[in-house]
Number of protein chains: 2
Amino acid sequence: MTLLADLADVEARRSKSARKIAAYITAEPESVLSMSIATLAGAVGVSEPTVNRFCTGLGRKGFPDFKLALAAELGRRQPGITQDIDPDDSSRHIIDKIFDATRATLVRAQNQIDVATIDRAVQILGSARSIVLCGLGASASVALDAQHKLLRFGTPVIAHTDVINQRMTTASLTGEDCLICISYTGRTMATVEVAELGACAGATVIGITTPGTPLTGHCDLVLPVASEEDTDLYTPMTSRIAQLVLFDVLATKLAIHKGPAFSDQLRQVKDSLKTTRYQG
Amino acid sequence: MTLLADLADVEARRSKSARKIAAYITAEPESVLSMSIATLAGAVGVSEPTVNRFCTGLGRKGFPDFKLALAAELGRRQPGITQDIDPDDSSRHIIDKIFDATRATLVRAQNQIDVATIDRAVQILGSARSIVLCGLGASASVALDAQHKLLRFGTPVIAHTDVINQRMTTASLTGEDCLICISYTGRTMATVEVAELGACAGATVIGITTPGTPLTGHCDLVLPVASEEDTDLYTPMTSRIAQLVLFDVLATKLAIHKGPAFSDQLRQVKDSLKTTRYQG
DNA sequence: TAATAAAATCTAATAAAATTACATAAATTA
DNA sequence: TAATTTATGTAATTTTATTAGATTTTATTA
């Protein structure tokens, strides 16, 4: 179910008209849902059969079937309404609400991701001499999770969750090093100061935070994380989940970036753990 | 979840034919997507205009529009099939695949949750004298995240990510303490041994792991976490996300369990952080 | 560069599907 | 039980999508 991604691929592989259609649909997919094949053909400037061939070419039965697939895809992208938790809710309700809220956060984060920014971050991580991760509170465990993911790449990486250690390490970074500061609020003074220290030391600073906050001022690159919470007393903070998945994306892209020879190293790291486990 | 919920409401409010239609669609919504209005009318045993009126009665423009809404709704419910990541995938594809895989894991975890088990876990946590969290590797950051969530409840809680410290602490637990062991594989020897130590010491042991693994043997209560991975080299480990959300559920239920007086304490903890942040 | 072949696209005709108008039947109420 | 409202079905109409065949565009080769 990667219809929208397939649409992006059309850009390269298919004919001129197909590209025009794909571009139009990518630009405003929602409006296509309420169009007939004639309306869409007119809007794009091609004939109806061309639109129809476009749909069948993408593996659909026809235009209506294509619209259904598009609707399903968009539905997945549209965050459901996140509802506050009521102390009187049943356990089942609470579970559903928390999972729904988490999914909604993921959807928002996914929509927010800019491919070019990710690619630049991967470039930076791939060429960094060392990587330092800083986070406090909930962001501390995100930093540690990221450390665990990045360890396997061979590049020296450390997550600091102690303000003193963060400052000591950061102050002695060089232009070849990369500092990743994680803060959901982007306002934690200690973390902002660490980012500033890192920037002064010449390190490339990547911020994983809410855009437009004090932290972003000291960052060379900001990976925005959807933020729309802290409204309700009981609803948990879900943005850290989005941050974790963001690191999943970075680590995965980095592994691919390193090339096929590197996959042997990944396997070695995996194998190194075998003796620590009871075999199934 | 508007449309499917609306369908359930139809049961009560609308006419006989409308109920028949709603029942049919509720029973197998996916198959309706590939039906024409005539096919559906035939399957249900009503006329085409009746189906049409049913759709408009639910606030849709007509049958095709209804199908689009249904497709969107189903798309939100059922995460796409998790696809392995191909090194040749575009960045957009990789991002979508990772987010989809994460959502799929969440859906699986959500379906797997047993309300009674959660409630029992909350009971245990609520009455524990102290809580010890143990995890290694990826589970270490889950333990730390859980610690961060549980800190605000006042009960002494600590996450250990060092095997020696884990054993030392665990061995000296009492029957009033609670030990939470986190391991996605359920086969990490060190963690299994820690669980055993804790059980011998008399502590209540909660395992957050895959059912049917060595770890579960030493647990008083197992919170299962959907596991279906490690197949692909590049696809990231998503079960830790499910574990985090599981802790969100536990912490939220615990906050409610503690009663309304406790919400003041929650606010105090929140307020205690204010001076560490730049105000927006 | 011109001739030829392949493809992409369009116009027009056909088929399919959905909607509307109107008639009939069922249910509800006085 | 008759009157009235509401629900449902039949058939006609309209909208929408698909197919067939002609035409143009693009690519290929002599």
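Every chain is numbered from 1, with letters handed out A, B, ... down the list of sequences. Reckoned from all heavy atoms, side chains included, excluding hydrogens, waters and symmetry mates.
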### Message
I'd like to check A:Leu223 versus A:Leu250 (side-chain heavy atoms, cut-off strictly below 4.5 Å). Are they in contact?
### Response
yes
### Message
Please check this pair: side chain of A:Thr210 against backbone of A:Tyr184, looking for a donor-acceptor N/O pair closer than 3.5 Å.
### Response
yes
### Message
Tell me the bend of the helix from C:dT1-D:dA30 to C:dA30-D:dT1 as the angle between end helix axes, each from five pairs, rounded to the nearest 10 degrees.
### Response
30°
How many angstroms lie between [atom1] in [X] and [atom2] in [Y], if you round to the nearest 0.5 Å?
X: B:Arg103; Y: A:Leu106; atom1: CZ; atom2: CG; answer: 6.5 Å
X: B:Ile95; Y: A:Asp248; atom1: CD1; atom2: CG; answer: 12.0 Å
X: B:Arg240; Y: B:Asp145; atom1: CZ; atom2: CG; answer: 11.0 Å
X: B:His257; Y: A:Ser91; atom1: NE2; atom2: OG; answer: 11.0 Å

Expressed in angstrom and rounded to an integer, what is the separation of [X] atom [atom1] from [N] atom [atom2]?
X: B:Phe63; N: D:dT14; atom1: CZ; atom2: C1'; value: 18 Å
X: B:Ile37; N: D:dT8; atom1: CD1; atom2: C1'; value: 14 Å
X: B:Asn52; N: C:dA21; atom1: CG; atom2: C1'; value: 13 Å
X: B:Arg60; N: C:dT19; atom1: CZ; atom2: P; value: 13 Å
X: A:Lys67; N: C:dA17; atom1: NZ; atom2: P; value: 15 Å
X: A:Lys61; N: D:dT16; atom1: NZ; atom2: C1'; value: 18 Å

### Message
Does the protein touch nucleotides 5-16 of chain C at the base, only the backbone, or not at all? Give it as B, S and - per nucleotide, heavy atoms under 4.0 Å.
### Response
---SBBB-----
### Message
What verdict does the side chain to side chain contact (heavy atoms under 4.5 Å, CB included) test give for A:Ile25 and A:Phe54, after you've listed the backbone C-alpha separation in whole Å, the side-chain angles of each residue and the deciding distance to 0.1 Å?
### Response
CA-CA 12 Å; A:Ile25 298 172; A:Phe54 176 84; 3.9 Å; yes
### Task
May I ask you to check whether A:Ser36 and A:Thr39 show a side-chain donor-acceptor distance below 3.5 Å?
yes
